[in-house]
Amino acid sequence: MYEDGLPPLRDVISRYELNAKKSLGQNFLTDLNLTGKIARSAEGMGGCSLKDSIVYEVGPGPGALTRALLMNGAHRVVAVEMDPRCIEAQKEIQAAYPGKLDVFEGDALLMDERDLIGDTEGRPVKIIANLPYNVGTALLVKWLTVSDWLPWYSSLTLMFQKEVGQRIIAEPRSKAYGRLSILGQFRADTRIMCDVPARAFTPAPKVTSCIVNIIPKAEQAHTPKQEILEKVVYAAFNQRRKMLRTSLKALGKAPLPYLKAANITPTCRAEELTIEDFCRLAKAYEQ
Ligand code: SAM
């Protein structure tokens, strides 16, 4: 038994016969010290303490992260899980923390999170999850492209494959720099909190993972509309090796006038532009 009075994760996995399904991106964590570290890394992020916050978790699985969140005092956890076997396993945690854990069955990509969370009583919401790798990027894009900004959540603490984490935090002129870097950074602060080795998971994936922390920041006067920025960035990186004067033709408007208006050299390539450059370019394109 652990300090929460619940059995070790390996027992839970074997009792509920949670043999991992690849199709659901199932690589389970079993070390509550590690998940405690992940939970505590979200403490104070976005100016909000875990104890005051409601946590939205995707894919609680057997519950290593869910238990750590509750042990570290999360006010309430709302989780969405696709695998009914894991929902059964979660019932033991619900019994140990009455009224603190709601688990819904379904596909997180299709969920209206705010609907599931319901009345927050004015509390902040943190999204904290060890995401299934097959839908991790799609979920991140869903959360970063919400129409209202500041968004409905105060921070994101998410597990990704290390390679995806590096793309989120990448700087211009690096190999990893691309659409995800700009989407992640143009109105949020991003950082990799730590790496998580493959051996921490059951079964072990082939790659190293990492925990990424993302804190939304207020839009600046120069921030373009997200969908316009996305369109320009897509065209620029879709032909990454080409000069912007060529790659941006895909947008259907002659690129030179708005490249000039944004003060960007037409012979530059996408990876040379900073986020501020892309913001100026998107604004000039829009006008
Ligand atoms: N949080 C657990 C942990 O750390 O051990 C499990 C993490 S495992 C990487 C991903 C979990 O997400 C699995 O339990 C899987 O069933 C669930 N899952 C996969 N796709 C999902 C989806 N689209 N919506 C909700 N849950 C999903």
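If you're wondering where the values come from, they're calculated on a predicted model, not measured in any experiment. The figures that follow rest on heavy atoms only: side chains count, while hydrogens, waters and symmetry mates do not. Heads up: numbering here begins at 1 and tracks the sequence. Note that ligands are numbered from 1 as they come in the structure, with each ligand's atoms numbered from 1 the same way.
Considering backbone and side-chain atoms together, Asn27 places no N or O closer than 3.5 Å to any N or O of ligand 1. For the pair Gln26 and ligand 1, the shortest N or O to N or O distance falls below 3.5 Å. For ligand 1, one of its N or O atoms has an N or O atom of Glu81 under 3.5 Å away. Taking only nitrogen or oxygen atoms, main chain and side chain alike, Leu29 reaches within less than 3.5 Å of ligand 1.
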Legend entry - Audit row: Arg76, Glu121, salt bridge (charged side-chain N to carboxylate O under 4.0 Å, His left out) steps and yes/no: CA-CA 11 Å; Arg76 181 158 73 91; Glu121 302 161 15; over 6 Å; no

Legend entry - Evaluation steps, salt bridge (charged side-chain N to carboxylate O under 4.0 Å, His left out), between Glu88 and Arg85: CA-CA 5 Å; Glu88 276 308 303; Arg85 300 172 308 164; over 6 Å; no

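Look at Leu109 and you'll find every heavy atom at least 4.0 Å from all atoms of ligand 1. At least one heavy atom of Glu57 sits under 4.0 Å from some atom of ligand 1.
Within 6.0 Å of the CD atom in Glu227, the count of heavy atoms belonging to other residues, nucleotides or ligands exceeds 12. In the displayed structure, Lys37 atom NZ is contacted under 6.0 Å by at most 12 heavy atoms of other residues, nucleotides or ligands. Surrounding NZ of Lys253 are more than 12 heavy atoms belonging to other residues, nucleotides or ligands, all under 6.0 Å away. For Glu286, the CD atom is densely surrounded, since the number of other residues' heavy atoms within 6.0 Å is greater than 12. Other residues, nucleotides and ligands place more than 12 heavy atoms under 6.0 Å from the NZ atom of Lys217.
In this structure, a donor-acceptor pair under 3.5 Å is absent between the side chains of Trp149 and Gln226.
In terms of protein heavy-atom proximity, atom 6 (C) of ligand 1 is nearest to Gly59 O, 3.3 Å. Asn130 ND2, 2.7 Å is the protein heavy atom nearest to atom 4 (O) of ligand 1. At the shortest separation from atom 21 (C) of ligand 1 among protein heavy atoms lies Met82 SD, 3.6 Å. Nearest protein heavy-atom neighbour of atom 19 (C) of ligand 1: Leu24 O, 3.0 Å. Looking at atom 20 (N) of ligand 1, its nearest protein heavy atom turns out to be Pro132 CG, 3.5 Å.
Less than 4.0 angstrom separates some heavy atom of Ala108 from each of these atoms of ligand 1: 22 (C), 23 (N), 24 (N), 25 (C). Of all the atoms in ligand 1, the ones that sit under 4.0 Å from a non-hydrogen atom of Asp83 are 16 (O). Listed by atom number, the atoms of ligand 1 under 4.0 Å from Gly25 heavy atoms are 8 (S), 9 (C), 10 (C). Every atom of ligand 1 with a heavy atom of Val80 under 4.0 Å away is listed here by number and element: 25 (C), 26 (N). Close contacts between ligand 1 and Asp107 involve ligand atoms 22 (C), 23 (N), 24 (N) [criterion: under 4.0 Å to a heavy atom]. Short contacts between ligand 1 and Gly106, defined as distances under 4.0 Å to a heavy atom of the residue, involve ligand atoms 24 (N), 25 (C).
At a heavy-atom distance under 4.0 Å, only backbone atoms of Pro60 (N, CA, C or O) approach ligand 1.
Taking all atoms of both residues into account, the shortest heavy-atom contact from Asp277 to Glu272 is OD2-O, 4.3 Å.
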Output a table of donor-acceptor pairs, distance under 3.5 Å, between side-chain atoms of residues 179-198 and any protein atom two or more places apart or on a different chain; print 'none' if there are none.
| residue | atom | partner | partner atom | Å |
| --- | --- | --- | --- | --- |
| Arg179 | NH2 | Glu230 | OE2 | 2.7 |
| Ser181 | OG | Arg167 | O | 2.7 |
| Ser181 | OG | Gly178 | N | 2.9 |
| Ser181 | OG | Gly178 | O | 3.3 |
| Gln185 | NE2 | Ile168 | O | 2.9 |
| Gln185 | NE2 | Ile169 | O | 3.4 |
| Gln185 | NE2 | Ala170 | O | 2.9 |
| Arg187 | NH1 | Glu219 | OE2 | 3.2 |
| Arg187 | NH2 | Leu144 | O | 3.1 |
| Asp195 | OD2 | Lys162 | NZ | 2.9 |

Identify all side-chain donor-acceptor contacts of residues 200-215 below 3.5 Å with residues at least two apart in sequence or on another chain.
| residue | atom | partner | partner atom | Å |
| --- | --- | --- | --- | --- |
| Thr202 | OG1 | Arg10 | NH1 | 3.4 |
| Ser209 | OG | Tyr133 | OH | 2.1 |
| Asn213 | OD1 | Thr157 | OG1 | 3.1 |

